[in-house]
Amino acid sequence: MSQLKTISLSHLDNVPSSPGKFKSDKSLTYIHRLRLHSSVSKLTLWLALFLGLLVFFFFLSPPSASPPPRRSLGSWGGSRWEKRIRTSARVRSRSSFTVLVTGAAGFVGTHVSIALKRRGDGVIGLDNFNAYYDTKLKRARQEMLDQAGVFVVEGDINDKELLNKLFDVVPFTHVMHLAAQAGVRYAMQNPASYVHSNIAGFVNLLEVCKSANPQPAIVWASSSSVYGLNSKVPFSEKDRTDQPASLYAASKKAGEEIAHTYNHIYGLSITGLRFFTVYGPWGRPDMAYFFFTRDILKGKEITIYEGADHSSVARDFTYIDDIVKGCVSALDTAKKSTGSSGKKKGSAQFRIFNLGNTSPVPVTKLVNILEKLLKVKAKKKFLPLPRNGDVKFTHANISLAHRELGYEPTTDLETGLKKFVKWYMSYYKGSKRSSW
């Protein structure tokens, strides 16, 4: 906002400092006119020089990035847009849910949205299609969602006007919040994106949900990264999570605390799911199994990190279909929120679950399986695990999820990677697409 600046003149020549009759002097008047003319000429000259320099540097300098307009991500609104929203939100039966899925064009979001739509739920997707990784892959997922009858609104969870409009058009019974800035290592390059998406965006979504009438039940994606430097294994929901090893982990931990606050104050029913290294078809190109596959096929050297004394780094790899079952079960068992229009009317459900495979696998074994499936020997380089936020191992205790959600993973790593490799070869080798 521009500010109006007031210029005050502190002194005028030949004006008496005390009241009285002022007699003009013709010679003095003539001199003043000359001085005034000279001053104006000098001012005009300097102003012209200043404007000339501005124009020169304007054309010399590259254009600077300006903040995007509110609706730059995609046009929304209007009768046709609302009709698409209502059609996508149509349910098969009265017992079906109407679900807003954020991050719908993401890896997990796509699979969850299709699973919900296939069983008869009304599903509306929301995604900003950011360029953290290949947007062509996200658009391909969007096409698949469209074929399944799921309309994906292009927009950002920080856009409160858009969120309010969606809730005006559709009275959502549930929100599956999967939108987030992912990646542990990327946080060192672009820390602000994690605050923008994982904290500010989450708060904005909760603000809209708590003011809705009726309030939806919320299921959202936390992360196994919250366990950070915890050395007790397997990781249990009761373990400490106050030692994050990355900004990504810290942002997800902050999300859990924020969720608890909105649950406590506004009566929102909230369930957090701590995902453990999800993999499978349509996955994320920034994940090790994905770029290992790409680089092995291209004959490029892959880097395998090791712990102290050349010990193995291990992950609790969890296949996407098992994660989807856990997400859907969390929705099915979520109780209704107790508030209305921002006012709490009773205590509400608050839960956190681990969703993992309970079988940590060394990264070296992951590579061996990929070599077998791809029929290509990998060129390997071993390096010490860097201090970039990665941890040596993850291992989920899923007893609580098993008891409360009926969660029971059934896909071992080799079976899951076989399905991934089949998809990868079909998606990239069967077309002219670039594998990022």
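Across every non-hydrogen atom of Glu306 and His310, the tightest pair is OE1-ND1, 3.0 Å. Val91 and Ser96 make their closest contact through CB-CB, 3.7 Å (heavy atoms, listed as atom of the first residue, atom of the second, distance). Looking at every heavy atom in both residues, His174 comes nearest to Leu331 through NE2-O, 3.6 Å. Among all heavy-atom pairs drawn from Ile157 and Ser197, the shortest one is CD1-O, 3.7 Å. The minimum heavy-atom distance between Ser231 and Phe393, with the atom names listed, is O-CZ, 4.3 Å. Residues Gly342 and Tyr266 come closest through the heavy atom pair O-CD2, 3.3 Å.
A distance of 10.0 Å separates CG in Leu383 from CD1 in Ile304, rounded to the nearest 0.5 Å. The OG1 atom of Thr271 lies 3.5 Å from the CZ atom of Arg351; values are rounded to the nearest 0.5 Å. For the atom pair OH (Tyr133) and CZ (Phe291), the distance works out to 14.5 Å, reported to the nearest 0.5 Å. A distance of 7.5 Å separates CG in Asp332 from CG in Asp121, rounded to the nearest 0.5 Å. Taken to the nearest 0.5 Å, the CD1 atom of Ile124 stands 7.5 Å off from the CG atom of Leu166. Rounded to the nearest 0.5 angstrom, Asn128 CG and Asp159 CG are separated by 11.0 Å.
Between the Ser88 side chain and the Phe151 main chain, a donor and an acceptor come within less than 3.5 Å of each other. Judged by distance alone, with hydrogens and angles left aside, the side-chain atoms of Lys325 form no donor-acceptor pair with the main-chain N or O of Pro409 at under 3.5 Å. Thr135 contributes no side-chain N or O that, together with a main-chain N or O of Phe129, makes up a donor-acceptor pair within less than 3.5 Å. A donor-acceptor pair is defined here as one N or O able to donate and one able to accept, closer than 3.5 Å; such a pair exists between the side chain of Lys379 and the backbone of Gly299. Put simply, the side chain of Asn354 gets close to the backbone of Phe235: a donor and an acceptor are under 3.5 Å apart. Looking only at distances, a side-chain donor or acceptor of Asp322 sits under 3.5 Å from a matching main-chain atom of Thr411. With hydrogens and angles ignored, the 3.5 Å screen pairs a side-chain donor or acceptor of His111 with a backbone N or O of Pro281. Panel note: side chain Tyr289, backbone Leu370; no donor-acceptor pair is recorded below 3.5 Å. The backbone N or O of Pro214 lies less than 3.5 Å from no partner atom in the side chain of Ser340, so there is not a single donor-acceptor pair. Checking side-chain atoms of Gln215 against main-chain N and O of Gly339 turns up a donor-acceptor pair under 3.5 Å.
Lys345 and Thr338 share no donor-acceptor pair across their side chains, judged by distance under 3.5 Å alone. A donor and an acceptor atom, one from each side chain of Thr110 and Ser113, are nowhere located under 3.5 Å apart. Counting only N and O atoms by type, the side chains of Asp412 and Thr415 include a donor and acceptor under 3.5 Å apart. No hydrogens or angles considered: nothing links the side chains of Lys336 and Ser269 as a donor-acceptor pair under 3.5 Å.
At least one side-chain heavy atom of Glu207 sits less than 4.5 Å from a side-chain heavy atom of Lys210. In this structure, the side chains of Val175 and Val219 stay at 4.5 Å or more apart for every pair of heavy atoms. Side chains of Val278 and Arg284 form no contact here, defined as non-hydrogen atoms less than 4.5 Å apart. Looking only at side-chain heavy atoms (C-beta outward), Pro234 and Thr358 stay at 4.5 Å or farther from each other. With contacts defined as side-chain heavy-atom distances shorter than 4.5 Å, the pair Asp156/Leu162 does not qualify. His264 places a side-chain heavy atom less than 4.5 Å from the side chain of Lys344. Contact annotation: the side chain of Phe275 approaches that of Ile323 to within less than 4.5 Å [non-hydrogen atoms, C-beta and beyond]. Side chains of Met176 and Cys327 form a contact here, defined as non-hydrogen atoms less than 4.5 Å apart.
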So Ile320 and Trp282, side-chain contact (heavy atoms from CB on, under 4.5 Å) or not? Walk me through it.
CA-CA 9 Å; Ile320 183 61; Trp282 296 97; over 6 Å; no
Please determine whether side-chain contact (heavy atoms from CB on, under 4.5 Å) holds for the pair Thr318 and Thr277, giving the CA-CA distance in whole Å, both sets of side-chain angles, and the decisive distance to 0.1 Å.
CA-CA 6 Å; Thr318 312; Thr277 317; 5.7 Å; no
Start with the C-alpha distance between Thr394 and Val391, add both sets of side-chain angles, then the distance that settles side-chain contact (heavy atoms from CB on, under 4.5 Å), and finish with yes or no.
CA-CA 8 Å; Thr394 59; Val391 293; 4.1 Å; yes
For Lys252 and Ser225: C-alpha separation, side-chain torsions, deciding distance, then whether side-chain hydrogen bond (donor to acceptor under 3.5 Å, both in side chains) applies.
CA-CA 8 Å; Lys252 285 298 187 179; Ser225 296; over 6 Å; no
Please lay out, stage by stage, how Phe202 and His177 fare under the test ring pair (Phe, Tyr, Trp, His ring centres under 6.0 Å).
CA-CA 8 Å; Phe202 190 27; His177 177 47; 5.1 Å; yes
Derivation and outcome, side-chain contact (heavy atoms from CB on, under 4.5 Å), residues Ile352 and Ser222
CA-CA 9 Å; Ile352 292 179; Ser222 182; over 6 Å; no
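The 12-atom threshold is exceeded at NZ of Lys232, counting heavy atoms of other residues, nucleotides or ligands nearer than 6.0 Å. Taking a 6.0 Å sphere around CZ of Arg118, one finds it holds 12 or fewer heavy atoms contributed by other residues, nucleotides or ligands. More than 12 heavy atoms of other residues, nucleotides or ligands sit less than 6.0 Å from atom NZ of Lys380. Within 6.0 Å of atom NZ in Lys165, 12 or fewer heavy atoms from other residues, nucleotides or ligands are found, so the atom counts as exposed in its surroundings.
Relative orientation of the Tyr227 and Phe276 rings is tilted, given thresholds of 30° and 60° on the angle between their planes. Using the six-membered ring where Trp is involved, Tyr194 and Tyr186 have ring planes that are tilted, between 30° and 60° apart. Relative ring orientation between His260 and Phe350 is described as perpendicular, the plane-to-plane angle rising above 60° on a 0-90° scale split at 30° and 60°. Note: Trp76 and Trp81 have tilted aromatic rings, judged against thresholds of 30 and 60 degrees for the angle between ring planes.
For the pair Glu154 and Lys138, the salt-bridge criterion is not met [side-chain N within less than 4.0 Å of a carboxylate O]. Salt bridge annotation for Arg86-Glu82: present, with a cationic side-chain nitrogen under 4.0 angstrom from a carboxylate oxygen. Here Glu237 does not pair with Arg274 in a salt bridge; the nearest charged N to carboxylate O distance is not below 4.0 Å. By the 4.0 Å N-to-carboxylate-O rule, Arg139 lies too far from Asp146 to be salt-bridged with it. The residues Asp134 and Lys136 are annotated as not salt-bridged, no charged nitrogen and carboxylate oxygen being separated by less than 4.0 angstrom. Here Glu414 does not pair with Lys418 in a salt bridge; the nearest charged N to carboxylate O distance is not below 4.0 Å.
Outside the 6.0 Å centre-distance limit, the rings of Tyr407 and His402 are not counted as a close aromatic pair. Here Phe420 and Phe290 bring their ring centres to under 6.0 angstrom of each other.
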